[in-house]
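I have placed the structure first, in the form of structure tokens, so that the comments after it can refer back to it.
Please read all numbers here as calculations on a predicted model, not as lab measurements.
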Amino acid sequence: MDDRQPVSIDDTLSAQFRAMGADIPPSPTQKPNSDAIEIMPENWISITAFLACETQWRAAASMAGLVWLGVDYTAADVVLRAMDVPSFVFDDLRHMERAALEVFGEAQP
């Protein structure tokens with residue numbers, strides 16, 4: 001079991017929690033084609049910071065189209081300071097940037 005993934009609470013697990021005195025309802029079922037994603041609470045601040053930096057990307061125009069270079073760290077620093085986030089959030093932002101650049105690269109013609 002991957003402890004980094006959220007756990008789905010089914011009826012059996014919910015009943016076990018109730019037997020211990022905790023009322024934990026079963027997880028809501030998600031529509032198969034839903035665009036909704038679940039963000040684990042410990043990642044919420046990093047996701048929020050990443051989304052706040054959405055206008056801080058550097059890109060260059062070329063004959064092949066737009067080439068994404070990455071997040072402008074100077075501008076992102078201003079955003080992160082304004083949000084007063086812990087320093088680890090910058091590392092998380094860099095990981096998400098790398099993953100986004102891989103996806104952007106796949107979309108290039």
Side-chain angles (χ1 to χ4, degrees):
M1 178 181 197
D2 186 354
D3 63 350
R4 295 171 296 165
Q5 297 298 320
V7 175
S8 291
I9 308 293
D10 60 11
D11 291 329
T12 303
L13 191 54
S14 179
Q16 291 172 350
F17 275 114
R18 258 193 316 284
M20 293 185 290
D23 186 21
I24 310 285
S27 299
T29 56
Q30 203 175 50
K31 295 178 184 174
N33 295 326
S34 174
D35 288 335
I37 61 170
E38 185 172 349
I39 307 297
M40 294 169 48
E42 59 269 20
N43 295 329
W44 185 252
I45 191 164
S46 296
I47 293 290
T48 303
F50 182 75
L51 294 174
C53 291
E54 69 182 342
T55 59
Q56 307 309 324
W57 283 83
R58 288 189 179 194
S62 74
M63 295 297 283
L66 200 58
V67 177
W68 294 98
L69 304 174
V71 173
D72 179 343
Y73 290 160
T74 304
D77 182 55
V78 172
V79 172
L80 298 178
R81 286 176 191 260
M83 293 179 69
D84 195 27
V85 297
S87 61
F88 72 84
V89 171
F90 181 68
D91 291 331
D92 290 349
L93 181 124
R94 291 178 57 220
H95 285 290
M96 289 183 279
E97 172 195 30
R98 234 179 335 241
L101 286 171
E102 288 177 17
V103 172
F104 293 159
E106 292 171 3
Q108 297 296 324

R18 vs D23, side chain to side chain contact (heavy atoms under 4.5 Å, CB included): CA-CA, chis, key distance, verdict: CA-CA 5 Å; R18 258 193 316 284; D23 186 21; 4.2 Å; yes

Steps toward side chain to side chain contact (heavy atoms under 4.5 Å, CB included) verdict (I45, F88): CA-CA 10 Å; I45 191 164; F88 72 84; 4.3 Å; yes

May I have the step-by-step check of side chain to side chain contact (heavy atoms under 4.5 Å, CB included) for M83 and V89, ending in yes or no? CA-CA 11 Å; M83 293 179 69; V89 171; over 6 Å; no

Between CD on residue E97 and CG on residue D92, distance to nearest 0.5 Å: 12.5 Å

Rounded to the nearest 0.5 Å, how far apart are CG of D91 and OG of S46? 9.0 Å

Provide the closest heavy-atom pair for A49 versus L93 in the form atom of the first, atom of the second, distance. O-CD1, 4.2 Å

Nearest heavy-atom approach of L101 to W68 is CD2-O, 3.5 Å

Is the ring pair W57/F50 parallel, tilted or perpendicular, if the boundaries are 30 and 60 degrees? perpendicular

Around atom CZ of R81, are there more than 12 heavy atoms from other residues, nucleotides or ligands closer than 6.0 Å? no

Counting distance only, does the side-chain N/O of Q56 pair as donor-acceptor with the main-chain N or O of A75 below 3.5 Å? no

Walk me through whether I47 and M96 qualify under side chain to side chain contact (heavy atoms under 4.5 Å, CB included). CA-CA 9 Å; I47 293 290; M96 289 183 279; 3.7 Å; yes

